[in-house]
Amino acid sequence: MERICPVCNKLYNISIRCSKCGNLMAEKGRDDEYLDDYTANMPLENSTCCTHIFYCYKCDKMEKICINNEFM
Ligand SMILES: [Zn+2]
Ligand SMILES: [Zn+2]
């Protein structure tokens with residue numbers, strides 16, 4: 001069995017509410033795309049979750065959410 005991220009694999013859409021205003025946050029992709037070289041080169045030891053960026057248009061707030069990978 002393999003652990004995969006349900007969001008990356010488009011198994012379902014995850015709904016994250018903004019901790020400030022409760023608005024539904026938009027999924028902005030994987031954290032990787034926002035990482036600088038230093039963090040990107042760090043070993044991927046924690047493969048049990050996948051960090052995604054969520055954005056609230058109301059508060060102009062970005063949040064990193066770690067999505068639990070699921071066994072397929
Ligand atoms: Zn993912
Ligand atoms: Zn908000």
Side-chain angles (χ1 to χ4, degrees):
M1 280 208 293
E2 208 186 334
R3 275 178 178 272
I4 60 151
C5 169
V7 178
C8 287
N9 290 276
K10 300 192 163 47
L11 292 183
Y12 51 79
N13 282 321
I14 202 144
S15 301
I16 303 288
R17 298 247 168 215
C18 174
S19 53
K20 253 173 121 180
C21 71
N23 202 37
L24 207 60
M25 298 180 92
E27 206 265 314
K28 302 296 275 183
R30 287 198 64 190
D31 195 24
D32 301 10
E33 295 149 34
Y34 294 86
L35 294 177
D36 52 33
D37 287 344
Y38 172 74
T39 356
N41 286 334
M42 273 169 54
L44 275 170
E45 273 176 39
N46 186 3
S47 60
T48 57
C49 76
C50 176
T51 309
H52 284 258
I53 304 285
F54 286 85
Y55 180 72
C56 174
Y57 289 99
K58 256 189 182 172
C59 311
D60 192 30
K61 180 177 140 76
M62 272 206 186
E63 237 175 271
K64 288 182 183 181
I65 307 283
C66 204
I67 313 284
N68 277 329
N69 289 354
E70 294 185 1
F71 284 115
M72 285 304 288

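First listed ligand is number 1; within each ligand, the first listed atom is number 1. Because the structure is a prediction, the values reported are computed rather than measured.
- Taking both residues in full, the closest heavy atoms of L11 and M72 are given as CD1-SD, 4.0 Å, listed atom of the first, atom of the second, then distance.
- Excluding water, every protein N/O/S atom under 2.8 Å from the Zn ion (ligand 1) is given here by residue and atom: C5 SG, C8 SG, C50 SG, H52 NE2.
- Listed by chain and residue number, E63 satisfy the salt bridge (charged side-chain N to carboxylate O under 4.0 Å, His left out) test with K61 (two or more places apart in sequence, or in another chain).
- The number of protein N/O/S atoms found under 2.8 Å from the Zn ion (ligand 2) is 4.
- Of the options C8, C49, P6, a side-chain contact (heavy atoms from CB on, under 4.5 Å) to I67 is made by P6 and by none of the others.
- Here the straight-line distance linking atom CD of E70 with atom SG of C50 works out to 12.0 Å at 0.5 Å rounding.
- Each of M62 and I65 belongs to its own hydrophobic cluster when Ile, Leu, Val, Met, Phe, Trp and Tyr are linked at side-chain heavy-atom distances under 4.5 angstrom.
- Taking a 4.5 Å side-chain heavy-atom cut-off between Ile, Leu, Val, Met, Phe, Trp and Tyr, the cluster of L24 contains only that residue.
- A 4.5 Å side-chain heavy-atom check between D31 and I53 finds at least one atom pair inside the cut-off.
- Under the 4.5 Å side-chain heavy-atom criterion for ILVMFWY residues, a single connected hydrophobic cluster contains both I16 and V7.
- Between F54 and H52, the angle of the ring planes lies from 30° to 60°, which puts this pair in the tilted group.
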